[in-house]
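Just below is one structure, and these are the notes that go with it.
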Amino acid sequence: MIRLVVADDHQLVREGLIRLLSLEKDVQVVGVASDGEEAVNLVERLKPNVALVDVRMPGIGGIAASQQIASRWPDVGVVLLTMHDEDEFIFEGIASGARAYLMKDCSHQELIGTLREVARGGAYLPSNLLRKLLTEFRQLRQNRARITPTPCDVLSRREMDVLEWVVRGYSNKQIARELCIDETTVKTHLHRIFEKLNVRDRTQAAIFALQRGWFCPPAA
């Protein structure tokens, strides 16, 4: 069962989402918020699997709320929902720790599929937004003005193996299965990776590696 918190400052949108999601047997809306601060408080109190959060809200917006949720409760997957596909919003949204970014004109199937994927520990971007993100990574790589360290200068071989699966969007459980190790070991490797790269979370670690050309971006 997906325990979901929904946050949007427009009442009609909130009510529409709740009606839509109530049709799904595996989705339970456990909390509804009208701004980012309320969303964070609900996540703290209700411990959902997923938070569906509007990007533009008064007070603490969706991106700031996503940053707080991702840092304080990393097991809660944040899905950002918005009408805006400008690069600034996309890049800030992904950097905030959100696992998915959806446009409000997405289909019912895409919304439900994304919630289920994020609840499983995965991530999702629509193909048009993923192309923008990959284009930005390629440009950053091409425009590097200084020599950056190679992976072997920074991380161990096993840490690189873990980071590669992080870049692919795999959860700790999936990484453990792929590398035939337990989840506790994966978490230990991730902690060391974050310390060595001086990053806050797995999203920043993936961006760090992609910007330096350590891995090829995942196929769109």
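Residue numbers start at 1 and run along the sequence shown.
A salt bridge links E164 with R168: the distance from a Lys NZ or Arg NE/NH1/NH2 to an Asp or Glu carboxylate oxygen falls below 4.0 Å. Between D9 and R14 no salt bridge is recorded (no basic side-chain N to carboxylate O distance below 4.0 Å).
Using a 4.5 Å cut-off between side-chain heavy atoms of Ile, Leu, Val, Met, Phe, Trp and Tyr, with links allowed through other members, I60 and L80 fall into different hydrophobic clusters. In the hydrophobic clustering of this structure, Y101 does not group with V50; members are Ile, Leu, Val, Met, Phe, Trp, Tyr whose side-chain heavy atoms approach within less than 4.5 Å, directly or through other members. V6 and I63 are members of different hydrophobic clusters when ILVMFWY side chains are connected at heavy-atom separations under 4.5 Å. Grouping the Ile, Leu, Val, Met, Phe, Trp and Tyr side chains by contacts below 4.5 angstrom, directly or via other members, places V29 with V118. The cluster map of Ile, Leu, Val, Met, Phe, Trp and Tyr, joined by side-chain heavy atoms under 4.5 Å apart, puts V32 and V79 in the same cluster.
Looking only at side-chain heavy atoms (C-beta outward), M160 and W214 come within less than 4.5 Å of each other. A 4.5 Å side-chain heavy-atom check between P48 and V76 finds at least one atom pair inside the cut-off. Between L155 and L197 the shortest side-chain heavy-atom distance falls below 4.5 Å. Counting heavy atoms from C-beta outward, M103 and T82 have side chains that approach closer than 4.5 Å. Between D54 and V13 the shortest side-chain heavy-atom distance does not fall below 4.5 Å. Between W73 and Q68, the closest side-chain pair of non-hydrogen atoms is not below 4.5 Å. Annotation: side chain of H108 is in contact with side chain of L20 (closest heavy-atom distance under 4.5 Å). When side chains are defined from C-beta on, I94 counts as touching L125, because their heavy atoms get closer than 4.5 Å.
Applying the 6.0 Å contact sphere to CG of L23 captures more than 12 heavy atoms from other residues, nucleotides or ligands. Atom CD of E195 has more than 12 heavy atoms from other residues, nucleotides or ligands within 6.0 Å. For D26, the CG atom is densely surrounded, since the number of other residues' heavy atoms within 6.0 Å is greater than 12. Surrounding NZ of K47 are more than 12 heavy atoms belonging to other residues, nucleotides or ligands, all under 6.0 Å away. Summarising the local packing, CD of E178 is surrounded by more than 12 heavy atoms from other residues, nucleotides or ligands at distances under 6.0 Å.
Across all non-hydrogen atoms, the minimal contact from R120 to S171 is O-OG, 4.0 Å. T203 and G97 make their closest contact through OG1-CA, 3.8 Å (heavy atoms, listed as atom of the first residue, atom of the second, distance). Across all their heavy atoms, A39 and A33 have their closest contact at N-CB, 3.5 Å. Across L163 and A206, no two heavy atoms sit closer than the pair CD1-N, 4.4 Å. Here the closest heavy-atom approach between residue L102 and residue P126 is recorded as CD2-CG, 4.1 Å. Summarising the geometry of S66 relative to A98, their closest heavy-atom pair is OG-N, 3.4 Å, with the distance given to 0.1 Å.
Atoms CZ and CD, from F194 and Q204 in turn, are 9.0 Å apart once rounded to the nearest 0.5 Å. The distance from the CZ atom of R192 to the OG atom of S156 is 8.0 Å, given to the nearest 0.5 Å. Separating the OG1 atom in T188 from the NE2 atom in H191 is a distance of 8.5 Å, to the nearest 0.5 Å. With rounding to the nearest 0.5 Å, the separation of CD in Q67 from CZ in R72 is 13.0 Å. Note that the CG atom of L21 and the CD1 atom of I112 stand 5.0 Å from one another [nearest 0.5 Å]. Rounding to the nearest 0.5 angstrom, the gap separating the CD atom in E159 from the CD1 atom in I193 is 5.5 Å.
The main-chain N or O of L111 is never found under 3.5 Å from a side-chain atom of R116 such that the two would form a donor-acceptor pair. Looking at T185, its side chain never comes within 3.5 Å of a backbone N or O of I181 through a donor-acceptor pair.
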#### Entry: N172 vs K187, side-chain contact (heavy atoms from CB on, under 4.5 Å): CA-CA, chis, key distance, verdict
CA-CA 7 Å; N172 289 355; K187 291 178 181 179; 3.6 Å; yes
### Message
For I175 and V166: C-alpha separation, side-chain torsions, deciding distance, then whether side-chain contact (heavy atoms from CB on, under 4.5 Å) applies.
### Response
CA-CA 8 Å; I175 294 171; V166 169; 3.8 Å; yes
### Query
V40 and E44: side-chain contact (heavy atoms from CB on, under 4.5 Å), yes or no, with the steps?
CA-CA 6 Å; V40 172; E44 180 175 25; 5.7 Å; no
### Message
side-chain contact (heavy atoms from CB on, under 4.5 Å) for L179 and V186? Distances and angles first, verdict last.
### Response
CA-CA 9 Å; L179 298 180; V186 173; 5.7 Å; no
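Geometrically, R212 engages F208 in a cation-pi contact defined by less than 6.0 Å to the ring centre and at most 45° from the axis.
Looking at H10 and E15, their side chains never bring a donor and an acceptor atom within 3.5 Å of each other. There is no side-chain donor-acceptor pair under 3.5 Å between T114 and E117. Using modelled atom types, one finds no donor on one side chain facing an acceptor on the other under 3.5 Å when comparing S96 with E92.
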